[in-house]
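Okay, so here's the structure we're looking at.
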There are 2 protein chains.
Amino acid sequence: MREEQANRCVAGATDQARACTVREALDRVGGKWSIGILIAASTGPVRFTELERRVEGISRRMLTLTLRNLERDGLLVRHVHPTVPPKVEYTATPMARELYESLVALTRWAERHREAISTARAAYDRQHGTPAG
Amino acid sequence: MREEQANRCVAGATDQARACTVREALDRVGGKWSIGILIAASTGPVRFTELERRVEGISRRMLTLTLRNLERDGLLVRHVHPTVPPKVEYTATPMARELYESLVALTRWAERHREAISTARAAYDRQHGTPAG
DNA sequence: CGGCATCCTCGACGATACTG
DNA sequence: CAGTATCGTCGAGGATGCCG
């Protein structure tokens, strides 16, 4: 989770301006857990503990941190029910759901080329030294 | 740059299977410099030094490392001209150009919501403790 | 020109324990 | 239940220098 981002992209059509804008988007979801949380929260309100169960492998700490960042970026809304025991629900904003839609294109790319990439890697590792020897 | 990826996504329509597939795609371009290099190399062959100039802020080391990874994934082709002084050219593969197309959706998302995110952050930082205070 | 080797920093992330 | 606090690890990435 990037602490702050001193990442003002200059507008324009140059290569690196484009690259910066792309990274600007990627930085919102670049963390290890952001996507998993976002997807889990995009179908409806989800409670903290429910997220902890559904996002497999996440620690309590990282869940909290990632939630805070997503909330800060306006991708999640946090709603506290003043009950006892406490009940907190997180919901993805429309902006976050749009983001996921945009990521679908990327997902399809990965599926289309999964095989090719795997082959390319094997070939590369054969030609150059393979990592394990 | 992820050293290896023990990241076999299980197929399926569960939240976390989807999340894994998305991350699979993100991992190809998640590095700090991948996008910049890919874009610069997608219009035609580019030489090492030219990349070093065009991808602003990159170090020689990271340029080399990122190039190797992109080549390994089959996103770049490396062509060595056996001349002296040496001349090496990198070209984005069709697969990489497709990837860029997929990233456009993400770019547009970033542009659409840049303002909203910035505002959300400011609001969040005001309400909770701002980083510098 | 186009690298690779070495050293270092620093932030993402994990483990564990405590709390209103 | 839903966190916070503290400590430790690990690897991405930066700085610098040498080489065919």
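We name chains A, B, ... by the order of the sequence lines, and we start the count at 1 in each one.
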query: Name the one of A:Val29, A:Val77, A:Leu76 that satisfies side-chain contact (heavy atoms from CB on, under 4.5 Å) with A:Leu70?
result: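 Result for side-chain contact (heavy atoms from CB on, under 4.5 Å) with A:Leu70: A:Leu76.
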
field: Listed once per pair and sorted, the salt bridge (Lys or Arg N to Asp or Glu O under 4.0 Å) pairs that draw on residues 100-118 of chain A, sequence neighbours left out
entry: A:Arg112-B:Glu98, A:Arg114-B:Glu24

message: Enumerate the salt bridge (Lys or Arg N to Asp or Glu O under 4.0 Å) contacts for residues 49-66 of chain B, please, sequence neighbours excluded, ordered by first and then second residue.
response: A:Asp15-B:Arg54, B:Glu50-B:Arg54, B:Glu52-B:Arg60

task: Please name all residues satisfying side chain to side chain contact (heavy atoms under 4.5 Å, CB included) with B:Ser118, sequence neighbours left out, ordered by chain then number.
output: none

message: Suppose we screen for side chain to side chain contact (heavy atoms under 4.5 Å, CB included). Which residues come up paired with B:Ala122, at least two apart in sequence or across chains?
response: B:Arg126

field: Distance-minimising heavy-atom pair for B:Ala17 and B:Val10
entry: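 Nearest heavy atoms, B:Ala17 then B:Val10: CB-O, 3.5 Å.
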
Spacing between [X] atom [atom1] and [N] atom [atom2], to the nearest angstrom:
X       : N      : atom1 : atom2 : result
A:Asp27 : D:dA12 : CG    : C1'   : 14 Å
B:Leu67 : D:dG13 : CG    : P     : 14 Å
B:Tyr90 : C:dC1  : OH    : P     : 15 Å
A:Lys87 : D:dG3  : NZ    : C1'   : 17 Å
A:Arg68 : C:dC13 : CZ    : P     : 16 Å
A:Asn69 : C:dA12 : CG    : C1'   : 11 Å
B:Leu76 : C:dG3  : CG    : P     : 12 Å
A:Arg78 : D:dA2  : CZ    : C1'   : 8 Å

task: Select one nucleotide: of C:dC1, C:dG3, D:dG3, the one nearest the side-chain heavy atoms of B:Pro86.
output: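 Nearest nucleotide to the side chain: C:dC1.
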
field: From C:dG2, D:dT4, C:dC1, nucleotide with atom closest to A:Thr64 side chain
entry: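 Closest of the options to the side chain of A:Thr64: D:dT4.
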
query: Transitively linked via ILVMFWY side-chain contacts under 4.5 Å: B:Val80 with B:Leu67?
result: yes

In a table with atom names and distances, give each donor-acceptor pair under 3.5 Å that connects a side chain of residues 87-95 of chain A to protein atoms at least two apart or in another chain.
{"residue": "A:Glu89", "atom": "OE1", "partner": "A:His81", "partner atom": "NE2", "Å": "3.1"}
{"residue": "A:Tyr90", "atom": "OH", "partner": "A:Arg68", "partner atom": "NH1", "Å": "3.2"}
{"residue": "A:Tyr90", "atom": "OH", "partner": "A:Arg78", "partner atom": "NE", "Å": "3.2"}
{"residue": "A:Thr93", "atom": "OG1", "partner": "A:Gly74", "partner atom": "O", "Å": "2.9"}
{"residue": "A:Thr93", "atom": "OG1", "partner": "A:Leu75", "partner atom": "O", "Å": "3.4"}
{"residue": "A:Thr93", "atom": "OG1", "partner": "A:Ala96", "partner atom": "N", "Å": "3.3"}

message: Could you measure the distance from the CZ atom of A:Arg72 to the CG atom of B:Asp125? Nearest 0.5 Å is fine.
response: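 Interatomic distance, A:Arg72 CZ to B:Asp125 CG, rounded to 0.5 Å: 4.0 Å.
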
message: Once rounded to the nearest 0.5 Å, what's the spacing between atom OH of B:Tyr100 and atom CG of B:Leu38?
response: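 Going from the OH atom of B:Tyr100 to the CG atom of B:Leu38 covers 10.5 Å.
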
field: Terminal helix-axis angle for the helix from C:dC1-D:dG20 to C:dG20-D:dC1, with five pairs defining each axis and rounding to 10 degrees
entry: 50°

- prompt: What ring pair (Phe, Tyr, Trp, His ring centres under 6.0 Å) pairs are there with at least one residue in residues 35-78 of chain A, not counting sequence neighbours?
  reply: none

- request: Give me the residues of residues 36-54 of chain A where at least one heavy atom lies under 4.0 Å from an atom of DNA chain D, by number, or none.
  value: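 Per residue number, the list reads A:Arg47, A:Phe48, A:Thr49.
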
Tabulated below should be each protein N or O lying under 3.5 Å from an N or O of nucleotides 14-16 of chain D; please produce it.
{"residue": "D:dG14", "atom": "OP1", "partner": "B:Lys32", "partner atom": "NZ", "Å": "2.9"}
{"residue": "D:dG14", "atom": "OP2", "partner": "B:Trp33", "partner atom": "NE1", "Å": "3.2"}
{"residue": "D:dG14", "atom": "N7", "partner": "B:Arg61", "partner atom": "NE", "Å": "3.3"}
{"residue": "D:dG14", "atom": "O6", "partner": "B:Arg61", "partner atom": "NE", "Å": "3.1"}

